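Quick caveat: nothing in here was measured; it's all calculated off a predicted structure.
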Amino acid sequence: MIDLINKEIITFLSSIDIENTQAIKDKYTTSISEDLNKGHITTNVCMVAGSILKSNPKELAEKLKKKLIQLQCFEDVVSAGPGFINIFLKRKDFVSVINHINEIKDGYGKSNTGKGSKIQIEFVSANPTGPLHVGHGRGAAYGDVIGRILEATGHQVKKEYYINDAGRQIDILTASVILKLVRSDINNYFPKNAYKGKYIEEIANKLKKEIRVRYNLEQIIENIPQDSEEEIDKVIKNLKNLDQSSWNIAKTFSLKEIVSSIKDDLKNFKVYFDNWFNESSMGDIADSSSEISKSINKLKDAGHAYEKDGAIWLNTDLSGDDKHRVLIREDGRATYFASDVAYHKNKIDRGFNKLINIWGADHHGYIKRIEASIDALGSSKDKLVVKLVQFANLFKNGKKVKMSTRSGEFFTLKNLMDDIGPDAARFYYLSKQADQHLDFDIDLAKKDSKDNVFYYIQYAYARIVSLEKKVLENNFNDDINLNSIESNTYDKCDFLIHEISKYPDIIYKASNSLQPHIIIYYLRDLAQLLHSYYNDNHVLSESKENIQSIILCLSSVKQVLSNGLNILGISPINKM
RNA sequence: GCGCCUGUAGCUCAGCUGGAUAGAGCAACUGCCUUCUAAGCAGUGGGUCAGGAGUUCGAAUCUCUUCAGGCGCGCCA
């Protein structure tokens, strides 16, 4: 119906001013109106045209209104306010959305606006040096749902986790684990910068069966430097020198343990990846045929990388970054950035139309240098979209939960799921724009009352399920036709019908802006309307004809609630 | 100092590609259960959209500026 209206509008515009038609077409919108007072469908085209053509919006609205009325397709057309056109559909057309929803079910809201565009989303990508904590959970929920939304709007989505398995952090992890196995006569020596936390001991306990530590602590900490950074590096060096093969086994083992625990946590959180990409798979900078070396060489050949002070630098002028960045250190080791440049080259070479990176907001200063590298490698930085996710503050018993990664004392994602379950966790992670601070109240997420929006929405769904069951038990369905609603005259559900008509546009907006919270707010509003209807109307005392209309309508409301929850990766609950 | 983000009701937040009277939940107060789940509904009060200036027919929304808060500015990852 909106397409029909738009077609008429374009004809109308062409008849007034053919030159500016395209400009107006790009700016105006025709959409389901906010509420029924403003008709079923509304358009601001006359105000947009008015401003571009420098003519009076209200007069344009009057003219367009006459054109639309002549079509005789609508119940009524009115011009309102500063120049809006509000269209009232014929009842048959207005209620037809219910048949549509009940027919295509979970297809309602899906579209092909993405036209099969290939998008890769890289997210979480937490260093495999410890369990995922609640901060990672937000990025995980966000990335996963962005993927679902993009898929629902016709994009080909691949989700990827980048495992930083090559750097110094992994050496620190390995050292931390091995140290737990070294018999110590000195009381409780442990480097300040080593990883602490119970998981280190758990890995060490399993590792015991794989290796035998033949050296003692004195050998490791001989001449150990005071500085905490130098200290851990020295420990690592000594451990490698003392027994390289045990080191290698321990390293592979620790990494495998951590990665598998991360995979488990994400699986329980209903977050799935198509690909787990190892940083190490791009090889070593010392190997001139490795992927990482090739990337750097390409930058050099293109004249964007140069040598200075013994290091190799990337010229980042292309993106307007603050300064040039080091790719290869003075001592010949590659920086983390160099790996990342190679990784992004790898992603682009795989043929994606768009790369979405989801990063912690503290990494925003990193965006420009990556953009510069993409341009420098001959692709376009416009392919890259970086979405930043802000930290989440956790509140429990009214108090902020303190986190300290250093000491190993933090609230893990697993802790959170054990506490409130994956669905409530996903819901609250997504309840606010990703790039803004989130106060996550664990107590609220567990409450059985209206202030817990998660339950409020689930309750609306469960109420419809229960009502459908009651109707069937009462054998109302024997005599009524549950196939079509076109002859419907019962109008107390109209505000519900109007609300569910908005759903496809909500998904479209969420997809365009990559903002899942739009769906959460919509579901809350829809649930509210449902509860309101439920309270005001006693369904079972209605006539059979009306019950037919009501059940058809409520089933479609249920379907929309279900579709909305499912796209967020949340399962609807049939019974509270 | 520079860069990014934020400032909307007592609290937590929507609204921000300029448009119809600035919305919701919580909290406060008042009503509604012999009928489908009261884990709910209805109503009342509550706002100089941080301050100031500008752009325009029209600004919470765009521009500039001031103030306040968060984050980032390594040959760390």
### Query
When the P atoms of B:A22 and B:C64 are considered, how many whole Å apart are they?
27 Å
### Task
Starting at atom CZ of A:Arg463, determine the distance to atom C1' of B:A38, rounded to an integer number of angstrom.
8 Å
### Query
With a centroid cutoff of 5.5 Å and a plane-angle limit of 30°, would you call A:Phe84 stacked on B:A20?
yes
### Message
Taking the P atom in each of B:G19 and B:U37, what is the distance between them to the nearest angstrom?
### Response
43 Å
### Message
Between B:G1 and B:U66, how far apart are the two P atoms, rounded to whole Å?
### Response
11 Å
### Query
Counting distance only, does the side-chain N/O of A:Tyr533 pair as donor-acceptor with the main-chain N or O of A:Gln528 below 3.5 Å?
no
### Query
Starting at CH2 of A:Trp359 and ending at P of B:C5, how long is that distance when rounded to a whole Å?
16 Å
### Query
Which listed nucleotide (B:C73, B:A39, B:A77) is nearest to the side chain of A:Lys323?
B:C73
### Query
So does A:Lys38 get a side-chain nitrogen or oxygen closer than 4.0 Å to the phosphate oxygens (OP1/OP2) of B:A20?
no
### Message
Is there a side-chain contact between A:Gln390 and the phosphate of B:C71, meaning an N or O under 4.0 Å from OP1 or OP2?
### Response
no
### Ring-on-base stacking B:A77 with A:His363 (under 5.5 Å, under 30°)
yes
### Message
What's the closest nucleotide to the side chain of A:His517 if the choices are B:U21, B:A14, B:U12?
### Response
B:A14
### Task
Step through it carefully: locate the ring centre of A:Phe454, locate the ring centre of A:Tyr428, and say whether they are under 6.0 Å apart.
no
### Task
Looking at every strand, decide which applies to A:Asp26 at a 4.0 Å heavy-atom threshold: base, sugar-phosphate, or nothing.
nothing
### Query
How would you label the contact of A:Glu330 with the nucleic acid (heavy atoms, under 4.0 Å): base, sugar-phosphate, or nothing?
base
### Message
Over all strands shown, is A:Arg333 touching base, sugar-phosphate only, or nothing at heavy-atom distances under 4.0 angstrom?
### Response
nothing
#### Entry: Nearest listed nucleotide, side chain of A:Ala80, among B:U35, B:U37, B:A20
B:A20
### Task
Name the nucleic acid region contacted by A:Ser51, choosing base, sugar-phosphate or nothing; use a 4.0 angstrom heavy-atom cut-off, strictly under.
base
### Whole-Å P distance, B:G25 and B:A9
16 Å
### Query
Which listed nucleotide (B:C41, B:A38, B:C36) is nearest to the side chain of A:Ser532?
B:C41
#### Entry: Distance in angstrom units between A:Leu526 CG and B:A14 P, rounded
20 Å
### Task
Just compare B:A14, B:U37, B:C36 and give me whichever is closest to any side-chain atom of A:Gln436.
B:A14
### Task
Using the C1' atom as the reference point in each nucleotide, state the distance between B:C49 and B:C2 in Å, no decimals.
29 Å
### Query
Rounded to the Å, how far apart are A:Asp451 CG and B:C41 P?
11 Å
### Summary
Side-chain contact check for A:Gln433: nearest option of B:A14, B:A24, B:A39 is B:A14
### Whole-Å C1' distance, B:C33 and B:A27
24 Å
### Message
Closest approach to the side chain of A:Asp448, judged atom by atom: which nucleotide of B:G19, B:G25, B:A39 is it?
### Response
B:A39
### Task
Kindly point out which of B:A14, B:C41, B:U12 is positioned nearest to the side chain of A:Lys450?
B:C41
### Whole angstrom value for the distance that separates C1' of B:U17 from NZ of A:Lys25
18 Å
### Task
Measure from CZ on A:Phe395 to P on B:C11 and round the result to the nearest Å.
14 Å
### Query
Stacking check: are the rings of A:His538 and B:C36 less than 5.5 Å apart at their centres and under 30 degrees in tilt?
yes
